[in-house]
Each structure stands twice: as C-alpha cells, then as structure tokens.
Amino acid sequence: MFSGIDFMSDTVTQPTEAMKRAMCDARLGDEQKREDPTTLALEERVAALLGKERALFFPSATMANEVAILTHCERGAELVAAENSHIFFAEAGAPSVWAGAQARTIETESGIFSGDAIRSKMRFPRGPGFPVCQLVVVENTTNMGGGRAWELHELQDVWETCRSLGLKSHLDGSRLFNAGVATGRSPAELAYGFDSVTLCLSKGLGCAAGAVLAFSNAVEPIVRRWKQCMGGSLRQSGMLAAAGLYALDHHIERLKDDHANAQVLADGLKRLESIEVENAYPSTNMVFFRTRREGLFPTQWAEACLRKGVRFSQVGENRFRAVTHLGINEEDVQKSIHILKEIENALRGLT
Ligand SMILES: Cc1ncc(COP(=O)(O)O)c(C=O)c1O
C-alpha cells in the first residue's frame, strides 16, 4: 500500500474514525430481502436529494451504471456517450457484454457535449438493418475530461434533445457533489432531466465502497431484477450504507477544500519548467498535466516522484492526473510542489 501523498484518485481515501464508528453502530438486516434499515434509509435519502422516486444501493458505481444501461437499452441498441467517458473506456466493454448495446461516441476533450452533437449521432435512414439509439449517458463531473462540471444550461440542452428524439438519459454522477459545489447547483437541479442517476460513495465522499442508483417507480422492478442478476444484492450492507449517510452529513461541504487544493496544485505546477498544466483553472478536484522537458522520460519522472513519496496516475504517454481528496490537505500540496521542484533540479543534470 502506498503511504505517501497520493494524488492517484479520490478513491484512495480511508474512512475517518468517526465514519468507522458510524459503520460499527449501524442497524443491520438482510438487504436482499429489503430488511436492512440503514440501507433503506440511505436509499430514501439519496432519492430525495436527487429528486427521484426511488434509489437502490449498489456495491460499485460501475455496477450501478451497467444496471442503468441494461434497464434503458435492448440488445443491439446504441447509446451515445463521450469518447472519454468511464462507461466507454474503463468498464471493460460492459455495455456490450451485459446489455448487448454498442456505444456511439462523441469526441470531446472536456467530456461535455451539446444536443447537436447527439443529433449528429442519430442513424438515418432507419430500418431493420440499423441499430436504434435508445440512450445518452452524461458524466458529471467529467473524469478524463479534466474533472469539468457541466453548467445547467448545457445539461438542459441534452435533456431537451433527448426528449425530442425519444431517448432515455443516464447520468454517471459518480462525482455529482463536486459538480454541485463547483456550480452552486443542487444535486436535484443537476439530476432533474435524467431518467437515472449513479451517485458514487467511494470517491469524493470518502467511503470505502458503494454507490446508489436513482430512478423512477416505473423501472423499479427492472432495476431490481438486473441488480440481483448481476450479483449486486447484498446482505448486511448497512455497514457500508452507514458510511454513506455519514458522508452525506459531513463530507459534502468540505469538497470545496479539495477544489481549492487542486487550484493550489495547478498554480504550483505552472511554476515548474518540466510540466505543462492542461487545466490551469481546475473546475473541481482534478489537475491534468504533461511532463515536457525533452529527453525526460515520463516513467522516469513518475518513478522519481514515487521514490520521494508522491503518486499521480499516468493517463497517457506523458499525461498525468492529480486528484485531491480528504486524505490531502494544503500542506501536502505545498510539500508535493517542493518535491517536484527538487526532482526537476535533479533530473536537469540527466538530460
Ligand atoms: C466517472 C466515473 N464513473 C464510474 C466509475 C466507476 O467507479 P467504481 O470503480 O467505484 O465502480 C469511476 C471510477 O473511477 C468514474 O471515475
């Protein structure tokens, strides 16, 4: 286990002592039989927060996304999503594996796209030989798109387009609270026009595991069936749900600190010669950057960082992502910038 300053992802957080106490004190029952009171309480709370009729607890955001896709798509259907969206590039081809749906992707660096971009992906002519588009998936915030939060008018454009084309829409809101904090919009406002919404507990909210999928009464039997089918029904999941309830009470407000720390990091990285920052003004908790000195091998740089106790995720040949979270404070960020400066000086001699 890496024990340094870990910018790898906001999934690396450890539960706080208070969160662990909440987990230990949770009232438990059999979730699969709908008898776990803590899980039921979390589901009710999330449904209300997102302005949806129902919500169900899931072991992971990936499973929640895939059950949503199974719910909205028939075999052979097409779905539209950003090319750099998690459901397309990091869920092991799952939409095609489970739902038998193929993705028609939109090329967008930021992960944000317009209603016109969706329209441009519709198939004409129509007929038995052509796949039928049934679903649009939006990611908010956009992970590989720079952690960008969608503006409300951008979402409204997507909702209106989906409505006019008769498409369902799913929100991968794994980091929806980051988007809410960044835009000043409530989760319900950002979720309003979507048919289903995934909320992840184990990213910015700092839980060890879990996600919640919210949706309408009309699809509840289908969602439940696919959850069972995927092995997502649990037993005493209240221990995980209790962490989720704790996080909703204590870990949303503080996301602004993560965003501020991402800005401090971006500002520090900008001062380094060896690094080019992609998003100089991070929208939320992610900073993307490239190593740029000629002759500087990105892996050599990353290894030097690891040896000095700082970790990033390498997301391209010389592209890196830094994610701030509750395990990182401003002092850690300043210390990391200092370490990177030392590495820059040390590697200067090698090039
Ligand atoms: C935008 C987004 N959606 C979904 C997921 C899947 O989450 P999990 O790996 O917890 O299933 C991730 C994970 O990083 C993500 O970044």
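As the structure lists them, so they are numbered: ligands from 1, and atoms in each ligand from 1. Just so you know, these numbers use all the heavy atoms, side chains as well, and skip hydrogens, waters and symmetry mates.
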Quick one: look up the protein heavy atom nearest atom 15 (C) of ligand 1 and list residue, atom name and how far away it is.
H86 CD2, 3.3 Å
Tell me if the centroids of the rings in Y246 and H251 come within less than 6.0 Å of each other.
yes
Would K256 count as a cation-pi partner of F177, with NZ or CZ less than 6.0 Å from the six-membered ring centre and within 45° of the ring normal?
no
Between D25 and R21, does at least one N-O distance fall below 4.0 Å, as a salt bridge requires?
no
Heavy-atom nearest neighbour in the protein, as seen from atom 13 (C) of ligand 1, with distance rounded to 0.1 Å:
K203 CE, 3.0 Å
R175 touching ligand 1 at heavy-atom level, < 4.0 angstrom:
yes
Which residue and heavy atom of the protein sit nearest atom 11 (O) of ligand 1, plus the separation
T62 OG1, 2.7 Å
Looking only at N/O atoms, are D172 and ligand 1 under 3.5 Å apart anywhere?
yes
If we set the cut-off at 4.0 Å for heavy atoms, which region of S174 has an atom near ligand 1: side chain, backbone, both, or neither?
side chain
Once you restrict to heavy atoms under 4.0 Å, what part of N65 touches ligand 1? Side chain, backbone, both or neither.
side chain
For atom 1 (C) of ligand 1, what is the closest protein heavy atom, and at what distance to 0.1 Å?
E139 CD, 3.4 Å
Which heavy atom of S196 sits nearest a heavy atom of H72, and at what distance?
OG-NE2, 2.8 Å
So which residues get pulled into V223's cluster when ILVMFWY side chains under 4.5 Å apart are joined, directly or through others?
L56, F58, M63, V67, L70, V97, W98, L213, F215, V219, I222, W226, M230
Report the hydrophobic cluster partners of F288, with the cluster defined as I, L, V, M, F, W, Y residues connected by side-chain heavy atoms closer than 4.5 angstrom, directly or transitively.
F89, M144, M286, V315, V323
Any side-chain donor-acceptor pair under 3.5 Å between Q102 and S96?
no
Polar contacts were defined as any N/O atom of the residue lying under 3.5 Å from an N/O atom of the ligand; does this apply to T11 and ligand 1?
no
